Amino acid sequence: MSRPSDLVQGTLDLLILKILALEPLHGWAVSQRLKQVSGAVLQVSDGSLYPALHKLEQQGWITAEWKASDNNRRAKFYSLTRMGRKQLTRESESWQRLSGAISLVVQLPE
Amino acid sequence: MLGRLPSILRLRFRSLFRGGQADRELDEELRYHVDRQIAAHVARGMHPDDARTAALRAIGGVEQRKEQMRDQRGVNTIDNLIRDLRLAGRQLRRQPGFAVAAVLSLALGIGANTAVFQLLNALVLQPLPVPAPRELVEVRLTGNGRAGRHTGRNRQMSLPQFEELGRAQRSFSTMLAFGDTRFNLSPQGEVRYVEGLWVSGSFFDALGVAPAAGRLFTANDDRPGCADSGAVISHGLWQSEFGGRTDLENLAIPFDSRRVRIVGVTPPSFFGVEVGRRFDVAMPICASGFNRKDHWWLAVMGRLAPGWTREQAQAHLQGLMPGVQTRTLPDYDAALSDAYLAMRPEVVDGTAGVSPLRRSYERPLWILMAIAGLVLLIASVNLANLLLARATARSQEFAIRLALGGTRGRVLQQLFTESALLAVLGSFAAIGVALAASRAIPPLMSTTVDPIYLDLSIDWRIFAFTAAVGIATALVFGTAPALRGSRAAAPGAGQRGAAARQGLRARRALVALQIAVTLVLLFGGLLFLRTFRNLAGQDLGVRPEAVVVANVFYPAASFPQEKRAVAYRDIEATLAALPGVTRLADAFTTPIGGSFSDRDVAVDGKTKGNSYTNWVGAGFFDALGTPLVAGRDFDARDVPGAPAVAIVNEAFARAFLVGNPLGQRFSTLSVQGTTEAVYDIVGVVRNQKYQEVREPFPPIFYLASSQTAVPGLTRRYVIRTAEPPARTLAAVGAMLARVDPAIAMRSVTLERQIGDAMLQERLMSRLSSLFGAMALVLAAVGLYGVVAYTVTSRRGEIAVRVALGATRTRVLGTVLADVGAMLAVGIAGGSIVALLAARSVQSLLYGLEADDPVTLLTAAALLGAAGLLAAVGPARRAAGVDPAATLREA
């Protein structure tokens, strides 16, 4: 299962970008943060996290750097690039539009 | 996207070339994650073993994850390609015989195509190496109002016409004119001609050529009566003649018994505007002294003014033409004047310059291009057949790969990689083949006096063409084997047999196709071969073997009129005394000699028609081996002042005279229609050809050169010799230099001179038969391969038949019948295509029709014989099958 079926396609990217926009993190920290912020609602398997990170890196939206982590081991820290920041703005806007439209539809009186 | 490009490229490169490091980092990253996750689980009280299992399960199989991420990096496509290339290289190395044969046949096939394309490119496609060549147009005149003097290869206009047109027109920003000529750089001894141009003052400016040294002509250099405007020379001549010396003011070339100073040098890439020629020396038109209204010698070009199209320019010139023609009308009779006034301008594309050579060779070259393409098709089909056999043999390998989870796409990709590798290797070798071949061809188009020059440098068009042909070839020979291989099913005895049979059917169809194409090529080759044979075997009315033609030229200054008769008598005496010389005579021209003169003739005051004319000395007919059929040859009686006499040929007598020609008289007419002279016919000779090998025998009248009051500056001798002509040729050269060092001379054997007139046909026949032979060999090899393969794969079946009582003859018959069927289908299909295709070459043939049945039968017989011959070996092997041994094997 490389892609969680309960996650709207593309939203994982948005979530990662948003998390990395706050501060540079390594992969495990990203996974922890994901679990924290979304609680049990969004099930993101660790298996799909790393391919997503690498895809974002290949696309140039995030960049990686090896640094010492909090437990003094070398870890790969990801941070947002300038292009990534723009991409985040774009994706957030389109997400707002989409979710706004969907809630309007859902709230229609029956 | 553009902003991200550098970092993306960096990452992709890292993945590709430092894949090891990328993989290690990936490992470390995932390990870090798993370790942290375990620690987190343990902290929450989980048993360490369970924690590890949970962490690994959550991430879902580290190895699969890594593979997935490698795909994400886009590395696998390229990685796979490299792996496929390595595998393909190993496959080829394992069968070096196959590899060499495949690459060699591709190199020859693609090389032949590239070579022909190189010629086409140089002659037809390449624009002139000048700025904005697409603005250039050529102005030609249609109609047959040109009578009078003709010189050069591009005789479109007279000088007055060019000047009038230039004054009146507005459609071109500039116009230029040039006439081609030859300059003799060696005024004494053996003539050394270089290619010359008479150019209008606007010539270099209009083309946009900048000097490599000195200056080029301007309008100021080309004024009536210019005595010493100097000469512009090519970069090549500058290097070869003057070693590139920069003190131009001290350099000069001989011209017409004076020396002309050199004012400038053109850049190395500039060869003139006539494709197929390279100019060496250019002088302004005014220095030629030519300005007659009835002298046809100029090619005219223009640069379209901004906003004008060719069509508009043509319409514009059409409107001007009547005025131009009226103002430049030569002194013609009524009929000629009408024709002259009716001449119309035509504005044609001049991007690639002007080229009479292109007009005669463009069509043959396109045909050769098609032929070379078909040869390559046959070679590719052979390869397809070989690869099909290999694919069938490897079907088990592919089946295993598919069973192990390889996708069809991957197998397909790998098979195509093998074909592409072959094609790439073949294409590289092909460029070498093409370089050698295309350089060998221009000399075949050149004659001693007309050297052909083509710019055969390799440009992007050549590379693009070779690459395109290589790719197309790989697709042709790679598709069938790749599809076959990728369709391989899981191995099972019955299915394998079916696959083999199916492969065989495809291969038999390919062989039939090959045979069909080969028949087309053989037929074409034979047509051109027979055309050349017909031409070469033409009766020219002379026996050219053992005849030498020597031309002598005196410089005007050193050769006063009163000395000429004596000087020529001396030369004749010395030539006649050379060893082996049996007969000697002077002549204005020899058959197919290039020069010509003609007159309208009248008998009894009635104009009869046009006849060629030639001025010859006593013994001319004897020397050439043309029999006198009635009357007498010229002799000592025919001197200036004696009654003017003529000898006519049989065609003249048949066309213009009634009854016995001897004793009849005819008169010659000037272009104004007045009587020039009257001649008594004293002899009749067998027909000779005059200018063209292809024309029927034309009417010719011969006049006695001994009756010309003042001999000219040049004289041509025909010499029949009993010695080998080459030895006489050398002796003549050495002797003339001894007689008078001031003479310039040039001699050639008559056979060579006649052969030079059939260059295009000779080239076509040689190349098309060469290609035909290549096709025949390739098709025979292809047929052999398939029959041999069939016999091998049917051994079991044949053994059963023999065991059940089939005789050897019967087995032999079965195999040969099979081959016969393939041949029959191929030949029948090929014949239809050949007959249809041949229509397009009719205009290039001579002495036979394009649907000549004998030629078609010959081609079919040749192909049938070669096919059966190729099949005999395998067929005999089939007949020799030992049933007991074979069946035990099985």
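Every chain is numbered from 1, with letters handed out A, B, ... down the list of sequences. These numbers were taken from a predicted model, which means no experiment stands behind them.
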Quiz item: Going by the ring-ring contact (aromatic ring centres under 6.0 Å, His included) test, which pairs reach into residues 68-87 of chain A, not counting sequence neighbours?
Solution: A:His26-A:Phe77
Self-check item: Non-neighbouring partners of B:Thr466 that pass side-chain hydrogen bond (donor to acceptor under 3.5 Å, both in side chains), sequence neighbours left out
Solution: B:Thr114
Quiz prompt | Rounded distance [0.5 Å steps], CG in B:Asp35 versus CH2 in A:Trp28 | solution = 11.0 Å
Quiz item: When rounded to the nearest 0.5 angstrom, what is the spacing between NZ in A:Lys76 and CG in B:Leu30?
Solution: 9.5 Å
Quiz item: Are side-chain heavy atoms of A:Arg74 and B:Glu29 found at a separation under 4.5 Å?
Solution: no
Quiz item: Would you find more than 12 non-hydrogen atoms of other residues, nucleotides or ligands less than 6.0 Å from B:Arg52 atom CZ?
Solution: no
Quiz item: Do you know the tightest heavy-atom contact between B:Arg36 and A:Ser69?
Solution: NH1-OG, 4.2 Å
Quiz item: Would you find more than 12 non-hydrogen atoms of other residues, nucleotides or ligands less than 6.0 Å from A:Arg73 atom CZ?
Solution: yes
Quiz item: Hey, what do you get for CH2 (A:Trp66) to CD (B:Glu25), rounding to the nearest 0.5 Å?
Solution: 5.5 Å
Quiz prompt | Atom group of A:Thr81 that falls short of 4.5 Å from chain B, counting heavy atoms | solution = neither
